[in-house]
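Fair warning: this is a prediction, and the values are worked out from it, not measured in the lab. Both counts, for ligands and for their atoms, begin at 1 and track the order of listing.
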Amino acid sequence: MNILIMGLPGSGKGTQSDLIVEKYNIKHLSTGNLFRKEIQQKTSLGEELNSYISTGNLVPDELTIRLLKEEINKPEYNNGFLLDGFPRTLNQAIELDKMLSEKEIKIDHILYLDIDEEVIVERLSNRIFCPTCQRTYHRLNNPSKLGEFCEDDNTKLIQREDDQEEKIKNRIEIAKKELKPILDFYQKQNLSIIKTEKTDSVEMIFSKIKEILND
Ligand code: AMP
């Protein structure tokens, strides 16, 4: 099964993605994670990516599309994938369509996590993640059982540089502007909108997703 998940930064996309890939045994392909790994390796490509990401801006389409294409062609994605963080622009959505039809595969479900904007800033400023395995936690709503350390590999959890308040606002503005035409584009395909409220638990949202995916 191939799934695409979309939502504004802080919509719960990352948390739900972890649950989906585990339950449906498919491979997670997050462009944000891909880019952060490259940055950690301190390559020149990583430095270039960091110049965009650390300021809360999007990586240019040409570079993003090239890196996604290289990644998605790896055999580990042949048994199904969850694409997260891509497409972020209409151009990327169009290029993704082309890429997939060349590979003769299709996206089975397109999920959009719809959340009120006011919830986002609170969520993102409390988000911490594991730099080793990329798992994310929320200091209050989804804390690690090991406090400031990752439950999976005991690495010290850190805050993403782009999760600082000013940068969050910039990312939301950019994401909102870009999202509209992408949603319009997918409206004509199999798009499922999942409306989530501030009080919805991770499990409640995951139940809604499972209902859609099990159909
Ligand atoms: P994320 O982990 O999905 O929030 O992505 C972190 C950052 O990586 C974003 O704020 C962008 O700077 C960059 N990024 C991730 N995916 C894309 C994409 N599809 N297009 C452009 N930039 C991206």
Inset, instruction - For the pair T196 (side chain) and D114 (backbone), establish whether a donor and an acceptor sit closer than 3.5 Å, ignoring hydrogens and angles. - result: yes
Inset, instruction - May I ask you to test the H28-D18 pair for a side-chain heavy-atom distance under 4.5 Å? - result: yes
Inset, instruction - Among L49, I72, T31, V59, find the residue that satisfies the side chain to side chain contact (heavy atoms under 4.5 Å, CB included) test when tested with L67. - result: L49
Inset, instruction - Apply the test side chain to side chain contact (heavy atoms under 4.5 Å, CB included) to residues R127 and Q159: give CA-CA distance (whole Å), side-chain angles for both, the deciding distance (0.1 Å), then the verdict. - result: CA-CA 7 Å; R127 177 162 77 174; Q159 186 179 45; over 6 Å; no
Legend entry - Close residues, ligand 1: non-hydrogen atom nearer than 4.0 Å: T31, G32, F35, R36, I53, N57, L58, V59, T64, G85, F86, R88, Q92, R160, D162, R171
Inset, instruction - Answer yes if the side chains of Y77 and E71 hold a donor-acceptor pair under 3.5 Å, and no otherwise. - result: yes
Inset, instruction - Determine whether the side chains of E38 and T43 contain a donor N or O and an acceptor N or O closer than 3.5 Å. - result: yes
